[in-house]
Amino acid sequence: MPNLLKYFCAEHGGWIATLATVVAGVLFSIDAKAQQSDSIKRWGVAVGAGMGKILVVDKYQEKWQKGKNNYSFDVALEHRAAPKDSSLFDFDYGLPVVGARMKVALNHNVTMHRNEDPHWGMAQPVDYYSRMGNTVALYGSFARPFFRNRTFEADAALSAGIGFCNTIYDKENNVDNELIGTHFLVYFGLGTHLTWRFIKDWGIRAGLEYWHLSNGALGRPNKGANFAGPVVSLTYMPHFEQVRGRPLKRLYHPFKRQVYLDFTLGVGAKTLYEEWDKTQFKTPMGEEDYRTGDFKLYMAYSAQTDLMCRYDRKWASGIGFDLFYGGYASTVEKIEKERGVEAKHNPWSIGIAVKHQAFYKRISLAMSIGWYLYREMGDNAKVMEKRYYERIGIKYSLPGKLPFTVGASVKAHFTKADLTEIHLSMPLSLNAKTTNTTN
């Protein structure tokens with residue numbers, strides 16, 4: 001046991017010290033403000049830990065994924081919507097909790113190694129195990145309660161933000177780490193929790209969470225890390241006193257249904273899987289590009305025209321056409337011709353998609369599932385991609401008279417990131433008269 005403790009502190013002492021410092025600072029700040037203002041009772045703090053296991057998503061990953069377990073620590077500053085001054089959105093969502101969070105995940109036991117296999121082509125096996133590296137994520141969370149009485153509250157939570165990994169792919173000493181190829185990452189998470197208020201202002205929260213870290217195809221490798229596992233936390237929750245026993249069923253607040261066209265222009269970037277495949281498996285050892293981790297970024301452009309119906313303050317759904325332009329098609333064609341593959345390559349793609357948005361004040365979560373009506377991106381795309389694609393992103397409605405929204409999203413094929421983009425949208429109402437939808 002002493003040796004285990006010594007090893008733990010040596011490996012992770014710096015990470016734990018940083019987290020402890022942040023926790024102490026937040027608790028001190030909350031306590032100091034609580035003495036000065038009653039409004040602080042809308043705020044709370046949570047400190048927790050969890051155990052996770054990496055999810056093996058396909059047979060390809062199953063070949064090289066070895067160690068799978070990690071553990072994590074997190075701290076959160078939370079704000080509860082107060083009944084007396086909340087917006088209509090807050091009442092519609094049952095007085096949710098919005099949080100700013102930090103998660104430190106210790107992934108020393110997440111290891112990878114390629115054994116000899118003809119599928120690896122020219123890639124030669126190495127005599128060591130690669131490791132994922134520890135991560136820090138800073139993100140926002142939105143927890144909507146679906147059950148609440150005077151003692152317990154159950155919620156479903158969504159989170160998104162950014163992450164950082166201290167150890168990434170390196171062809172010299174971490175060559176089988178296909179999970180993470182860049183230090184800076186995109187973070188996304190889902191969870192469900194049950195909180196027990198065991199004494200006034202204090203609770204214990206337990207639940208199950210899933211979280212994902214990847215670089216959105218802005219670097220290679222980009223398999224991404226998907227974790228799931230139980231979490232538990234101690235929460236300081238003076239805000240619960242204002243809502244305990246309050247029914248979740250919302251009061252009726254009239255909302256006029258809106259039909260609108262949504263026009264969106266996007267610009268994005270990506271690295272090419274074809275270049276990764278070429279340097280990993282089709283380049284002989286000794287050449288400069290053999291199993292390299294340096295890849296060029298290529299630009300990508302898109303346009304969307306959607307017919308949407310906002311049938312509730314919280315939701316809008318519709319259908320639209322997507323237009324994509326990828327000038328990198330010529331590079332893909334060149335790589336495939338070097339392999340003796342003749343296939344059609346066209347930078348233009350067209351798709352039709354079902355779209356959905358979930359609104360909270362000026363922020364919305366935008367999701368879509370589409371089907372390519374036309375796409376000719378070569379032989380590899382037919383093998384690696386599906387005929388359908390997904391998009392998920394965040395939008396923010398700008399204040400002012402012009403109804404512009406800005407946002408960012410990731411486009412993927414069956415959860416495998418294709419590109420990351422930023423976009424500008426302009427909705428055009430088809431109703432005779434519109435109402436304010438951001439309150």
Side-chain angles (χ1 to χ4, degrees), residues 54-68 110-133 165 167-182 213-226 269-298 326 328-345 375-387 412-419:
I54 197 164
L55 304 179
V56 178
V57 297
D58 54 32
K59 292 183 179 180
Y60 174 72
Q61 184 179 355
E62 188 177 357
K63 284 176 173 287
W64 44 260
Q65 188 71 61
K66 304 303 180 184
K68 302 175 183 178
V110 179
T111 58
M112 296 137 281
H113 182 71
R114 295 183 189 274
N115 298 319
E116 284 209 44
D117 191 310
H119 288 95
W120 307 144
M122 295 184 180
Q124 299 299 311
V126 295
D127 60 357
Y128 63 87
Y129 274 42
S130 296
R131 301 185 184 277
M132 175 179 161
C165 186
T167 302
I168 62 174
Y169 174 90
D170 189 315
K171 73 175 185 178
E172 300 298 334
N173 53 39
N174 210 29
V175 74
D176 288 333
N177 176 11
E178 196 166 327
L179 296 176
I180 302 296
T182 57
L213 286 162
S214 73
N215 58 40
L218 295 176
R220 297 285 170 179
N222 184 47
K223 186 66 175 177
N226 299 278
K270 64 176 290 181
T271 52
L272 293 180
Y273 174 84
E274 289 81 1
E275 291 186 338
W276 161 261
D277 180 69
K278 176 184 176 181
T279 58
Q280 273 287 301
F281 309 120
K282 299 177 175 65
T283 300
M285 179 183 259
E287 291 197 9
E288 183 179 357
D289 286 342
Y290 173 75
R291 303 193 78 173
T292 184
D294 298 322
F295 296 94
K296 180 181 176 180
L297 271 178
Y298 295 88
Y328 49 84
S330 59
T331 303
V332 175
E333 182 177 17
K334 179 181 177 181
I335 293 173
E336 294 193 342
K337 280 187 176 180
E338 290 174 355
R339 293 166 42 207
V341 175
E342 292 291 339
K344 291 183 179 180
H345 297 79
R375 184 168 176 83
E376 295 290 352
M377 199 55 75
D379 179 71
N380 183 73
K382 293 178 180 178
V383 176
M384 299 299 298
E385 298 178 359
K386 306 295 182 181
R387 289 297 297 177
H413 298 109
F414 194 54
T415 74
K416 296 179 181 179
D418 180 44
L419 59 88

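Worth saying up front: this structure is predicted, and the values here are computed from it rather than measured.
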Out of curiosity, [X] [atom1] to [Y] [atom2], how far, rounded to the nearest 0.5 Å?
X      : Y      : atom1 : atom2 : result
Cys165 : Ile180 : SG    : CD1   : 5.5 Å
Gln124 : Met122 : CD    : CE    : 9.5 Å
Leu272 : Met377 : CG    : CE    : 9.5 Å
Asp176 : Asp170 : CG    : CG    : 12.0 Å
Leu179 : Ile168 : CG    : CD1   : 12.5 Å
Leu55  : Asn226 : CG    : CG    : 5.5 Å

Could I get the full list of side chain to side chain donor-acceptor pair (under 3.5 Å) partners for [X], not counting sequence neighbours?
X      : value
Asp418 : Lys270, Lys411
Tyr60  : Arg114, Glu178
His113 : none
Arg375 : Ser349, Glu385

If you draw a 6.0 Å radius around [atom1] in [X], do more than 12 non-hydrogen atoms from other residues or ligands fall strictly inside?
X      : atom1 : result
Asp294 : CG    : no
Glu338 : CD    : yes
Tyr128 : OH    : yes

key: Heavy-atom pair with the smallest gap, counting every atom of Thr279 and Asp289   = CB-O, 3.3 Å

Working for side-chain hydrogen bond (donor to acceptor under 3.5 Å, both in side chains), residues Glu275 and Tyr298 = CA-CA 12 Å; Glu275 291 186 338; Tyr298 295 88; 2.7 Å; yes

query = For the side chain of Gln61 and the backbone of Val57, is there at least one donor-acceptor N/O pair under 3.5 Å apart?
reply = yes

message = Whether the side chain of Arg220 engages the backbone of Phe295 through a donor-acceptor N/O pair (distance < 3.5 Å, no angle test) should be reported.
response = no

Salt bridge (charged side-chain N to carboxylate O under 4.0 Å, His left out) contacts in which one or both residues fall within residues 54-63, not counting sequence neighbours =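 Matches after skipping sequence neighbours: Asp58-Lys223, Lys63-Asp117.
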
query = Less than 4.0 Å between a side-chain N and a carboxylate O, is that true for Lys278 and Glu274?
reply =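 No, no charged N to carboxylate O under 4.0 Å.
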
task = For Asp277, enumerate each residue passing the side chain to side chain contact (heavy atoms under 4.5 Å, CB included) test, keeping only those at least two apart in sequence or located in another chain.
result =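 Counting only residues at least two positions away or on another chain, Asp277 forms a side chain to side chain contact (heavy atoms under 4.5 Å, CB included) with Tyr273, Phe281, Lys282.
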
